[in-house]
Amino acid sequence: MSKSLIVITGASSGIGEATARKLSSEGHPLLLLARRIERLEALQLPNVLCRQVDVTDADAFAAAIKEAEAQFGPVDCLINNAGVMLLGLAHEQDPAEWKAMFDVNVMGLLNGIHAVLADMKTRQHGTVINISSVAGRKTFPSHAAYCGTKFAVHAITENIREEVADDNVRFITIAPGAVETELLSHTTNDEIKAGYEEWKDGMGGVIAPQDIANAISFAYQQPQNLCIREIVLAATRQQP
């Protein structure tokens with residue numbers, strides 16, 4: 001392949017799907033991972049390997065990467081996009097929802113990093129892009145556990161960036177505000193969901209997944225000696 005392999009998690013919808021389309025149009029072979037493989041295959045993108053992988057399964061994650069590398073060469077970029085947002089008040093929310101978020105948003109991200117980082121360090125080349133959130137920079141009502149996961153994403157990304165800077169490996173945080181995706185549908189509290197939708201309407205609509213895909217592409221396509229450490233982007237009328 002003339003261009004390098006990129007891995008995208010949570011690629012079946014929203015930001016992941018838009019990013020897959022964007023990077024495919026730029027000529028990259030892709031490994032697309034999600035639990036809904038039929039959605040991945042329906043994209044019908046060229047030079048793509050689609051695998052049904054839950055990012056919390058470290059062995060399956062690593063195995064899919066090895067399979068893709070055998071076909072397309074080493075991973076040059078990992079985009080940790082898979083995420084779950086389950087909003088709720090701390091005294092009311094089911095702790096199982098907290099665990100689900102930390103398992104996917106934090107452990108799933110670390111599983112991906114663990115699968116690719118040693119080889120990137122050896123090759124002295126590579127990029128990891130972690131999709132966080134404005135909720136990884138400030139708190140919001142009913143977001144306690146979710147914010148906790150995204151603050152963790154920010155901290156993990158910056159910490160490892162410092163660790164591997166001398167190895168010429170880049171770590172980048174993308175922190176979107178509200179985006180029109182399926183993320184809110186994961187929340188089980190109807191009152192919180194209604195309030196969130198009202199908040200979105202009040203700012204005249206939110207940004208599209210394509211906006212995030214464009215930012216990801218921009219950060220990745222910079223020369224390897226330039227690391228755009230963080231991009232924060234949101235609708236102009238989003239205040240927090």
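This is a predicted model, so every value here is computed, not measured. We number each residue from 1, following the sequence as shown.
For the pair K200 and Y196, the cation-pi criterion (under 6.0 Å, within 45° of the ring axis) is not fulfilled.
For T157 (side chain) and I172 (main-chain N/O), no donor-acceptor pair under 3.5 Å exists by modelled atom type. A donor-acceptor pair is defined here as one N or O able to donate and one able to accept, closer than 3.5 Å; such a pair exists between the side chain of Q238 and the backbone of P240.
Tested against D167, the residues K121, R123, H125 include a single side chain to side chain donor-acceptor pair (under 3.5 Å) partner, K121. In summary, of the residues considered (T187, N189, T188), a side chain to side chain donor-acceptor pair (under 3.5 Å) with E97 occurs for T188 alone.
Between the side chains of E26 and S217, at least one donor N or O lies within less than 3.5 Å of an accepting N or O. A donor-acceptor pair shorter than 3.5 Å cannot be found between the side chains of N130 and T173. For the residue pair S12 and R39, no side-chain donor N or O sits within less than 3.5 Å of a side-chain acceptor on the partner. A donor atom on one side chain and an acceptor atom on the other are not found under 3.5 Å apart for Y146 and N105.
A search for side-chain hydrogen bond (donor to acceptor under 3.5 Å, both in side chains) contacts involving D94 returns nothing, not counting sequence neighbours. Partners of D103 by side-chain hydrogen bond (donor to acceptor under 3.5 Å, both in side chains), not counting sequence neighbours, listed by chain and number: K99. In this view, E67 and L49, R51 satisfy the side chain to side chain contact (heavy atoms under 4.5 Å, CB included) rule, not counting sequence neighbours.
I231 and F151 are members of different hydrophobic clusters when ILVMFWY side chains are connected at heavy-atom separations under 4.5 Å. Residues L31 and I79 are members of separate hydrophobic clusters, defined by side-chain heavy-atom contacts under 4.5 angstrom among Ile, Leu, Val, Met, Phe, Trp and Tyr.
Salt bridge annotation for E197-K193: absent, with no cationic side-chain nitrogen under 4.0 angstrom from a carboxylate oxygen. A salt bridge links E230 with R137; the closest basic N to acidic carboxylate O contact falls under 4.0 Å.
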- Task: Verify side chain to side chain contact (heavy atoms under 4.5 Å, CB included) between L117 and F171, making sure each step is shown before the conclusion.
- Result: CA-CA 10 Å; L117 186 54; F171 267 67; 3.8 Å; yes
- side chain to side chain contact (heavy atoms under 4.5 Å, CB included) between D76 and I6, worked out: CA-CA 6 Å; D76 190 58; I6 297 176; 5.8 Å; no
- Please lay out, stage by stage, how H28 and Y220 fare under the test side chain to side chain contact (heavy atoms under 4.5 Å, CB included). CA-CA 12 Å; H28 289 278; Y220 175 61; 3.7 Å; yes
- Between I174 and I212, does a side chain to side chain contact (heavy atoms under 4.5 Å, CB included) hold up when you go through it step by step? CA-CA 8 Å; I174 305 289; I212 314 303; 3.9 Å; yes
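Minimum heavy-atom separation, P223 to R170: O-NH1, 3.2 Å. Between H143 and P141 the shortest heavy-atom distance is ND1-O, 2.7 Å. Across all their heavy atoms, G112 and N80 have their closest contact at CA-OD1, 4.3 Å. Heavy atoms only, all atoms of each residue included: A208 and V179 are closest at C-CG1, 3.9 Å. When every heavy atom of F140 is checked against every heavy atom of V134, the shortest pair comes out as CZ-CG1, 3.9 Å. Nearest approach of N111 to V55, heavy atoms of both residues: ND2-O, 2.9 Å.
A distance of 12.5 Å separates CD1 of I216 from CD1 of I228, quoted to the nearest 0.5 Å.
Within 6.0 Å of atom CZ in R36, more than 12 heavy atoms from other residues, nucleotides or ligands are found, so the atom counts as buried in its surroundings.
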